[in-house]
Amino acid sequence: MEQIKYIIKERSGKVVIPDNPGFGLLFTDHIFEMDYSPSQGWHNPTIKPLENLSFHPASMVLHYGQAVFEGLKAFRTDDNQAVIFRPQKHIERLNRSARRVCIPELDKDFVMEALKELVSIEQDWIPAKRGEALYIRPFLIGVDSVLGVRPSVKYKFIILLSPVGAYYPEGFKPVKILVTDEYVRAVRKGLGDCKTPANYAASLLAAEEARKKGFTQVLWLDGIEQKYIEEVGTMNIFIHFKDEIATPKLTGSILAGVTRDSVIHILKDWGKNVTERLISIHEVVDAYKNGNLVGVFGTGTAAIISSVGSLTYKDTNMVFNNGKVGELDKKLFDTLTSIHYGQIEDKFNWLTHLSNKGVEV
Ligand SMILES: *Cc1c(COP(=O)(O)O)cnc(C)c1O
């Protein structure tokens with residue numbers, strides 16, 4: 001692979017991150033960008049100042065959604081080191097998503113190098129406060145200017161960085177979830193297990209309607225029978241039964257969350273009975289009615305752990321822990337964040353330090 005080119009902007013003064021940066025509103029000074037053409041492959045890797053992209057109005061990504069993305073985080077540990085959480089896992093998923101929508105895959109080691117280089121150059125933008133992080137958004141888009149439907153020939157790969165605030169600025173609060181059988185997010189053998197824009201377009205209306213009714217998000221059911229639970233918003237879901245912590249198995253319509261995987265590892269390490277299987281919404285309702293349901297929580301990079309205070313399915317309203325944060329949810333949140341900020345041992349080797357190559361097991 002070619003050497004990365006650097007076009008670095010002189011910074012006028014120190015980086016100042018505002019007190020509550022919100023989520024995805026603020027961007028750092030530089031991006032990483034690289035191009036693809038069939039004759040040159042991936043080429044022209046450059047770290048350069050953030051500026052608007054310029055596209056032909058016929059660019060394929062704008063019409064047919066040929067795009068995939070990732071979302072991961074860099075943290076500043078308590079001893080002031082910059083670390084990235086499980087980047088290898090995210091890069092592998094980016095390539096898996098790319099394959100499904102005919103985007104040429106990237107060299108994993110090179111992407112890791114680019115990621116570390118960019119974050120390293122922008123490391124003053126990594127917030128130090130607990131709960132805050134530098135959100136990393138790599139994405140791939142097809143940029144041919146042709147209106148015929150086919151895979152693009154030319155592509156761009158870009159990494160964008162955004163300092164983000166605590167997902168729960170007022171503290172860890174439970175969310176209210178509506179189970180929807182009006183809409184489906186994805187179907188098996190479709191795009192559900194790829195991080196691709198189409199899935200998010202499919203989810204907007206259901207989420208908006210739920211929000212208007214006072215819910216935070218929706219819980220999606222499977223696309224065929226609307227019977228099995230799948231995901232909550234853009235998070236994976238876990239059902240905490242009395243004697244089991246179950247999460248929907250990866251049937252093809254569910255995104256394989258990195259946080260989901262981390263939580264499974266942690267729970268197993270704690271000796272819990274964790275399972276990945278089909279879970280019908282009726283099983284959840286029955287368990288609730290029989291007193292066998294302890295709680296429900298979601299997992300994802302943005303919120304880490306989201307405690308579900310209530311779940312509403314048709315006319316059944318299930319309330320967990322009196323609408324307060326569940327004990328297990330809090331413990332998982334605290335454990336994951338303690339790993340992020342280097343406060344407890346990184347026993348699974350999930351942190352990649354900028355200065356040396358992280359090896360994940
Ligand atoms: C990103 C995402 C998740 C969570 O994945 P993480 O790797 O844990 O961030 C879950 N579901 C959907 C649909 C997502 O887009």
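Whatever order the structure lists them in is the order used to number ligands and atoms, beginning at 1. In this chain, numbering begins with 1 at the start of the sequence shown.
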Asn44-Lys5 side chain donor-acceptor pair, cut-off 3.5 Å = yes
Taking the six-membered ring for Trp and the full ring for Phe, Tyr or His, determine whether the centres of Phe139 and Phe157 are under 6.0 Å apart.
-> no
Considering only heavy atoms, which protein residues lie less than 4.0 Å from any atom of ligand 1?
-> His90, Arg93, Arg185, Lys195, Tyr200, Glu231, Thr234, Met235, Asn236, Leu255, Gly257, Val258, Thr259, Gly300, Thr301
With Thr335 via side chain to side chain donor-acceptor pair (under 3.5 Å) - residues at least two apart | none
Note: Lys213-Glu208 ion pair, threshold 4.0 Å (strictly below) | no
Are a donor atom and an acceptor atom from the side chains of Ser162 and Arg137 found within less than 3.5 Å of each other?
-> no
Determine whether the aromatic ring centres of Phe23 and Tyr135 lie less than 6.0 Å apart.
-> yes
